[in-house]
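A note on names: the letters A, B, ... follow the listed sequences, proteins ahead of strands, and every chain is numbered from 1.
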2 protein chains.
Amino acid sequence: MTIKDIAQLAGVSISTVSKVLNNKLYVAPQTRRHVQDVIKRYNYQANSTARNLAQSKTHDIAYLDKFIRNIPFENPHMFNILLGAENKLQNKNYRISLVNLASKKTVNQILEAQLAIKQFDGILINSACMNPKIEKIILRYDLPAVCIGKLEFDSMLSWIDTNHRHSVAKAVNFLKHKGYHALCFMGGMLGDKISDERIQGFKQALLQYNDNKSSQIIYNKPNVQSIYSCTMQLMQSRKKPDAIVCNNSLIAYAVITCLNDLKLTMPNDVAVLTFDDYPYSQLIVPTPSVIEIDLYELGKQAASMLIHKIKNPAQLLQTYTTLPQIIERGTT
Amino acid sequence: MTIKDIAQLAGVSISTVSKVLNNKLYVAPQTRRHVQDVIKRYNYQANSTARNLAQSKTHDIAYLDKFIRNIPFENPHMFNILLGAENKLQNKNYRISLVNLASKKTVNQILEAQLAIKQFDGILINSACMNPKIEKIILRYDLPAVCIGKLEFDSMLSWIDTNHRHSVAKAVNFLKHKGYHALCFMGGMLGDKISDERIQGFKQALLQYNDNKSSQIIYNKPNVQSIYSCTMQLMQSRKKPDAIVCNNSLIAYAVITCLNDLKLTMPNDVAVLTFDDYPYSQLIVPTPSVIEIDLYELGKQAASMLIHKIKNPAQLLQTYTTLPQIIERGTT
DNA sequence: TTGAAAGCGCTACCAT
DNA sequence: ATGGTAGCGCTTTCAA
């Protein structure tokens with residue numbers, strides 16, 4: 001069943017059917033209705049490949065990331081971003097195709113993608129996979145692109161990211177306003193970009209409270225044993241904090257377990273606030289309050305941004321976004 | 001840059017270029033080389049939309065599932081399957097596109113997908129989303145399809161699933177051979193398909209050991225508190241088991257925590273084996289031994305099956321697959 | 001208000 | 001061994 005068949009069945013020309021299909025150009029109302037009837041009756045759907053060829057569009061967006069085995073367990077966030085993007089794109093009638101940058105052909109991983117790239121209207125790419133080489137390729141193809149996550153090098157590509165400094169500042173304000181004085185940022189990881197940003201933000205935020213010695217930052221490997229013993233020491237030291245901000249929920253698990261063992265009650269003796277709610281929080285008693293960063297929303301915004309770029313290719317957009325929210329539960 | 005340009009630049013006809021491009025039909029070796037040079041020099045890539053139209057193929061596979069916000073945290077397994085499929089398909093030069101069955105248009109969710117369906121060479125669908133209605137649509141479109149997960153209704157569609165009965169049987173054999181007598185399956189959930197299958201398998205396996213009273217099955221809500229107290233009771237009852245098979249890692253967490261609190265050592269006093277390794281296992285001391293079901297592999301196999309179906313549309317394949325593996329760690 | 005026809009870029013058959 | 005050309009199914013311009 002092609003457009004030709006419908007034209008014949010409706011007793012009109014192919015172009016008339018096309019006009020009806022696209023809601024474009026003038027067609028007499030009655031003709032339009034008639035053609036629509038026929039289309040509906042035969043349950044006709046235009047072949048999108050032909051359509052794409054004629055319009056030189058694909059309505060297909062490439063989503064580039066490193067999709068390796070078991071990564072969904074280590075980093076479910078990644079997929080929440082993906083799903084957010086999917087959600088927005090399907091609303092706008094785009095489809096999302098996965099392009100795996102973790103394939104064997106390490107060097108030509110991208111060249112492999114190129115082959116694909118041709119057929120995409122735009123690309124979304126995890127900034128963790130980006131480098132200047134890939135940037136060049138994208139620019140050469142002159143393809144609308146949005147990187148998810150701040151780009152660490154000067155780039156002509158658009159990107160979007162959550163504002164980690166802002167999130168942690170929000171946490172600090174929240175705790176200070178609640179009357180906590182001695183804060184502790186627990187579980188910083190040297191060299192980890194997100195952790196670094198958060199620590200910068202933590203320091204900055206403290207300045208506003210003239211807090212330059214009652215609060216502290218603790219760097220530590222994010223594993224349960226090490227955080228546990230670290231917390232144990234901390235709570236017995238003279239610089240005992242009254243509020244702890246954890247870099248992720250695994251760390252929160254260790255901290256809260258330790259506080260429980262020390263018979264300290266939350267939030268009375270000490271408050272705990274954590275980033276990255278899942279997946280450990282259901283094991284934790286009391287359930288930790290959390291600074292939620294809506295990565296699904298980030299995905300949606302990245303997709304919106306891409307759609308915007310597709311329509312306005314010239315614009316360079318580099319922006320922070322996503323307002324974090326503090327969800328109070330048992331520990332604040 | 002089109003095939004026409006390349007033809008001109010190479011001083012040959014379009015069809016010759018096409019032949020070179022497709023490695024098909026005869027072209028004189030020297031001509032071939034020459035054309036290839038030109039292609040390489042200009043970095044030419046054939047427009048795949050045009051190609052698809054001419055061959056009425058898309059090299060695009062639809063992956064249908066319910067992609068809802070935060071599901072990556074609740075069910076990372078789902079994405080491991082997806083990635084397995086992606087891995088296999090990219091090797092075979094197919095691309096994978098996401099089709100979300102959780103969109104608003106609940107009834108027409110599929111009709112929405114239809115629009116897409118036309119442009120796919122095949123579809124992979126999570127059986128959890130399947131019903132006879134959807135089956136009809138797929139059959140009507142006569143599209144090669146593979147369902148991931150056993151279909152609960154009689155169907156003309158192909159499916160593939162892990163053999164849950166077999167997995168649990170493997171666990172039972174393993175424990176029995178190690179000399180354990182009184183096994184306990186912990187955390188059965190009434191009405192849950194997978195749990196039901198496992199329990200059937202558990203019972204069957206026990207028959208072979210004439211074990212009809214020393215072992216037992218405990219149904220319980222899979223939350224930490226409830227499993228914990230349940231285990232506490234169990235270990236103080238007269239039907240105290242010497243080996244516990246847990247339905248998932250959250251349950252294992254609760255069980256092992258309880259055993260630790262009871263000062264029972266593993267595996268000496270009691271062995272513990274669990275399904276669904278991630279994501280809690282890193283919190284557990286000792287680390288639980290696990291019956292690993294490789295869902296990434298399942299995804300790969302589903303993809304292989306689909307590729308097979310694309311080439312042999314007539315065949316109906318309905319099969320169990322995936323050999324579970326027991327990974328010994330601290331608790332057996 | 002409608003229709004004819006020229007593309008879109010490629011494949012594959014048929015001639016030569 | 002190569003090339004001409006009729007499609008693939010649709011869009012869009014232009015003429016009527």
Pairwise side-chain contact, Ile61(B) with Ile123(B), heavy-atom cut-off 4.5 Å (strictly under):
no
Review item, side-chain donor-acceptor pairs of residues 27-40 of chain B, under 3.5 Å, at least two apart:
residue, atom, partner, partner atom, Å
Arg32(B), NH1, Asn23(B), OD1, 3.0

Partner residues of Asn312(B) under the side-chain contact (heavy atoms from CB on, under 4.5 Å) criterion, sequence neighbours left out
His308(B), Gln315(B)
Please report the distance, rounded to the nearest Å, between CD in Gln30(A) and C1' in dT2(C).
12 Å
Send over the distance from Asn52(B) CG to dG9(C) C1', rounded to a whole Å.
11 Å
Give a yes or no answer on whether the side chain of [X] reaches the backbone of [Y] with a donor-acceptor pair at less than 3.5 Å.
X        : Y         : value
Thr16(A) : Val12(A)  : no
Asn80(B) : Leu295(B) : no
Asn22(B) : Ser18(B)  : yes

Which range-with-range stems can be found for DNA chain C when each stem has 3 or more Watson-Crick or G-U pairs in a row and both distances sit under 3.5 Å?
C:1-16 with D:1-16
Which of parallel (below 30°), tilted (30 to 60°) and perpendicular (above 60°) describes His77(A) and Phe73(B)?
perpendicular
Between the protein and nucleotides 8-12 of chain D, list every N/O to N/O distance that falls short of 3.5 Å.
residue, atom, partner, partner atom, Å
dC8(D), O2, Ala54(B), N, 3.4
dG9(D), N2, Ala50(A), O, 3.3
dC10(D), OP1, Tyr44(A), OH, 2.4
dC10(D), OP1, Asn47(A), N, 2.9
dC10(D), OP2, Ile3(A), N, 2.4
dC10(D), OP2, Tyr44(A), OH, 3.4
dT11(D), OP1, Asn22(A), OD1, 3.1
dT11(D), OP1, Asn22(A), ND2, 3.0
dT11(D), OP1, Arg51(A), NE, 2.8
dT11(D), OP2, Ser18(A), OG, 2.7
dT11(D), OP2, Asn22(A), ND2, 3.3
dT12(D), OP2, Lys24(A), NZ, 3.1

Residues 146-160 of chain B vs side chain to side chain donor-acceptor pair (under 3.5 Å), sequence neighbours excluded, gives Glu135(B)-Ser155(B)
Under 4.0 Å from any atom of DNA chain C, heavy atoms only: list the residues of residues 34-41 of chain B that qualify, in numerical order.
none
